[in-house]
Amino acid sequence: MYRILSKKILNETVQLMEIEAPYIARRCEPGQFVILRVDENGERIPLTIADYDRERKTVTIIYQIVGYSTKKLSQKEAGDTIQDIAGPLGKPSELKKHKRVLGIGGGVGAAPLYPQIKKLSEMGVNVDVILGGRTKEYVILEDKFREICQNVYIATDDGSRGHRGLVTDVLTKLIEEGKEYDEVIAIGPLVMMKAVCAITREYHIPTSVSLNPIMIDGTGMCGGCRVTVGGKIKFACVDGPDFDGHLVDFEECMRRQRMYKEEEHVCLIGLEG
Ligand SMILES: Cc1cc2nc3c(=O)[nH]c(=O)nc-3n(C[C@H](O)[C@H](O)[C@H](O)COP(=O)(O)OP(=O)(O)OC[C@H]3O[C@@H](n4cnc5c(N)ncnc54)[C@H](O)[C@@H]3O)c2cc1C
Ligand code: FES
């Protein structure tokens, strides 16, 4: 059992939890994730380690309430426990000592982006980020990014904060203004990562993405998380979740992510009674 030390509501669908998990906190690196089961009958769901504190022996998760398990998780409070947390899983991100890197976080994608950008900043790399959200309420972690980034650009669909439009509009504008980036790290919905990669490919900017296929064991034993990268089959839980975005077959990822739509819907109806 793992104790929830604190819980924060970031917006109406996104919450943060700091959890006591000494083993994971001691070993985890940016880019890695955990698989948790909320209670003893729960399914296993993957969530990125959004932050960690080795001294306090804690890991932070930030999750969007999208279905059965994330809703059940959201019903837990500080002081409650979570049944199982396995990790750290996946390969740590390969962060290079570039001159300047641009991070792009779409919605809750800002959470998995944060530990990578924080580490780059600690390595002395100049980092800028673009954060996107439907409205200003959906832009998360802006203050945390401002502490470590040179520039933080915001894009919202309705223009309630920053640029009115998509993160890709801001990306194109920055490149056209002559900003030079050695690498782009994009994390968010698959459509967003695909659109970012289409632009950075044109401008020959290496781009890393973090894939979030359906996972079960998270340890390389089932292939449920398989993705095609550069024409080769990879298991995101052990070969990733970070991959070269210019080589990812995004269409296949999107098809596979929709595989259990009906069952997921039925489960959620069951929970809501
Ligand atoms: C490596 C990795 C890191 C992730 N990190 C985060 C994170 O930091 N924050 C966050 O909010 N979300 C993250 N996700 C997505 C998160 O796992 C899903 O939102 C969650 O599993 C949904 O479960 P549910 O029962 O609430 O929703 P469901 O109703 O079951 O599903 C809703 C949608 O979530 C996706 N999904 C469902 N089951 C899984 C599964 N087992 N694995 C992956 N995706 C699934 C599908 O796209 C589905 O359509 C990550 C996924 C992966 C693979
Ligand atoms: S989740 Fe089973 S191999 Fe990756």
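A donor and an acceptor atom, one from each side chain of Ser69 and Glu43, are located under 3.5 Å apart. Under 3.5 Å, the side chains of Glu137 and Asn11 contain no donor-acceptor pair of N or O atoms. Asp158 and Thr135 form no side-chain donor-acceptor contact under 3.5 Å, judged by distance and modelled atom types alone. Donor-acceptor pairing under 3.5 Å is lacking for the side chains of Gln83 and Asn41.
Between the side chain of Asp182 and the backbone N or O of Val101 there is no donor-acceptor pair closer than 3.5 Å.
Around NZ of Lys179, the count of heavy atoms belonging to other residues, nucleotides or ligands within 6.0 Å exceeds 12. Around the CD atom of Glu180, the shell of radius 6.0 Å holds no more than 12 heavy atoms that belong to other residues, nucleotides or ligands.
The hydrophobic clustering, which links ILVMFWY residues whose side-chain heavy atoms are closer than 4.5 Å, places Leu131 and Leu166 apart.
Comment: Glu77 engages Lys7 in a salt bridge, judged by a side-chain N to carboxylate O separation of less than 4.0 angstrom. For the pair Arg54 and Glu29, the salt-bridge criterion is met [side-chain N within less than 4.0 Å of a carboxylate O].
How far CG of Asp239 is from SG of Cys225: 8.0 Å, rounded to the nearest 0.5 Å.
Residue Gln64 forms a side-chain contact (heavy atoms from CB on, under 4.5 Å) with just one option from Thr70, Leu47, Val108, and that option is Val108.
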